[in-house]
Amino acid sequence: MTIKRVGIVGSGIMGAGIAEVAAKAGCEVVLRSRKHESADAMVAGLAKSLTKQVEKGRLDDAERTAVLDRVDAVTDLAALAECDLVLESVVEDLPAKLALFAELDGICGDDAILATNTSTLSVAAIAGATKRPDKVCGIHFFNPAPVMSVVEVVRAERSSDATIAAARAFAESCGKDVVDVRDQAGFIVNALLFPYLNDAVKLLASGAATRDDIDTAMKGGCNFPMGPLELLDLVGLDTSLSIIEALHAASGEDADTPAPMLAALVAEGKLGRKSGAGFYDYSRK
Ligand code: 3HC
């Protein structure tokens, strides 16, 4: 099946980034946010991002207008009824995703694919909330979605070959390289990345090195584009904590226990760039 109309549920950093990628790929995009203000803010953010690309000479004005015309922001989930694919990117909370998928199952056409952008939750469990588990899979973009070149396509126990093929074709049409992975905590990237990020916070808390030296060391010593503490701020400390908790729950290993400093920052409301402060202060940027 060819994906022409894509619904995106969730107005966070990932939802906004995926909406930009899909609209630029030529899909009609229906962005669903619970509040009018967040839906409008997403479209404003998209317009700003496209304007930057026009300023850099990477997009012309007519393309910018055409991309924006393909995006519709809505608050009513029922507006996703005609979508070929609905990609969910709401909070990493299983009960919230189960309720959403059960609702989408009742709203969307029988042939529609329902995909999750979850980082760590079981895609099979999410699929179990629907009567179409064969049409459910994971399509996992990375942050920032317009820039990162890979997408993980996650095959859950009952995902059909046709669903996986359509998900792959969609991600490829968005200009992404696709990797296949089975349904296990953290898939490929997060299973390898987040134990390292968690350890970086433990290293900082131990007093072994400063924040800046940890980030400088990993950039210069490993040629990583960002240090681990900067990257945690980019991903969001709340999202990162929930990923690390899920990996810990899956492994049961003491070494995977979330760093208490990370949990403390989240409890203080320091969530990284999006809240203005995390390991770094963004209030003046
Ligand atoms: N949205 C759109 N475009 C963006 C962007 C954003 N949020 N941030 C940066 N860009 C673009 C810039 O416009 C620029 O484009 P151009 O080269 O075409 O002009 C390009 O990306 C490079 O940006 P900058 O020159 O400003 O900055 P850097 O060279 O420092 O790159 C970065 C920024 C791309 C974020 C880079 O530091 C990087 O790759 N960092 C690592 C990110 C990473 O590891 N992400 C994975 C996180 S884990 C995850 O997502 C899992 C999930 O489940 C939570």
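One-based numbering, in listed order, for ligands and for the atoms of each. Predicted model, so just to flag it, every value in this text is computed and none were measured.
Take Arg70 and apply the salt bridge (charged side-chain N to carboxylate O under 4.0 Å, His left out) test, not counting sequence neighbours, and it matches no residue. For Glu245, there are no salt bridge (charged side-chain N to carboxylate O under 4.0 Å, His left out) partners two or more places apart in sequence or in a different chain.
Under 4.0 Å from any atom of ligand 1, one finds heavy atoms of residues Lys56, Arg58, Ser119, His140, Phe142, Asn143, Pro144, Pro146, Val147, Met148, Asn190, Leu193, Pro225, Met226, Leu231, Val235, Ile243.
Results of the side-chain hydrogen bond (donor to acceptor under 3.5 Å, both in side chains) test with Thr118 over His140, Lys97, Glu92 single out Glu92 as the only residue that passes.
Counting heavy-atom neighbours within 6.0 Å of Glu157 CD, excluding the residue itself, gives a total of 12 or less. Sparse packing is recorded around NZ of Lys270, with 12 or fewer heavy atoms of other residues, nucleotides or ligands lying under 6.0 Å away.
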What donor-acceptor contacts under 3.5 angstrom involve side-chain atoms of residues 73-86, with partners at least two apart or in another chain?
| unit_1 | atom_1 | unit_2 | atom_2 | d |
| --- | --- | --- | --- | --- |
| Asp76 | OD1 | Ala78 | N | 3.1 |
| Asp84 | OD2 | Lys4 | N | 2.8 |
| Asp84 | OD2 | Arg5 | N | 2.9 |

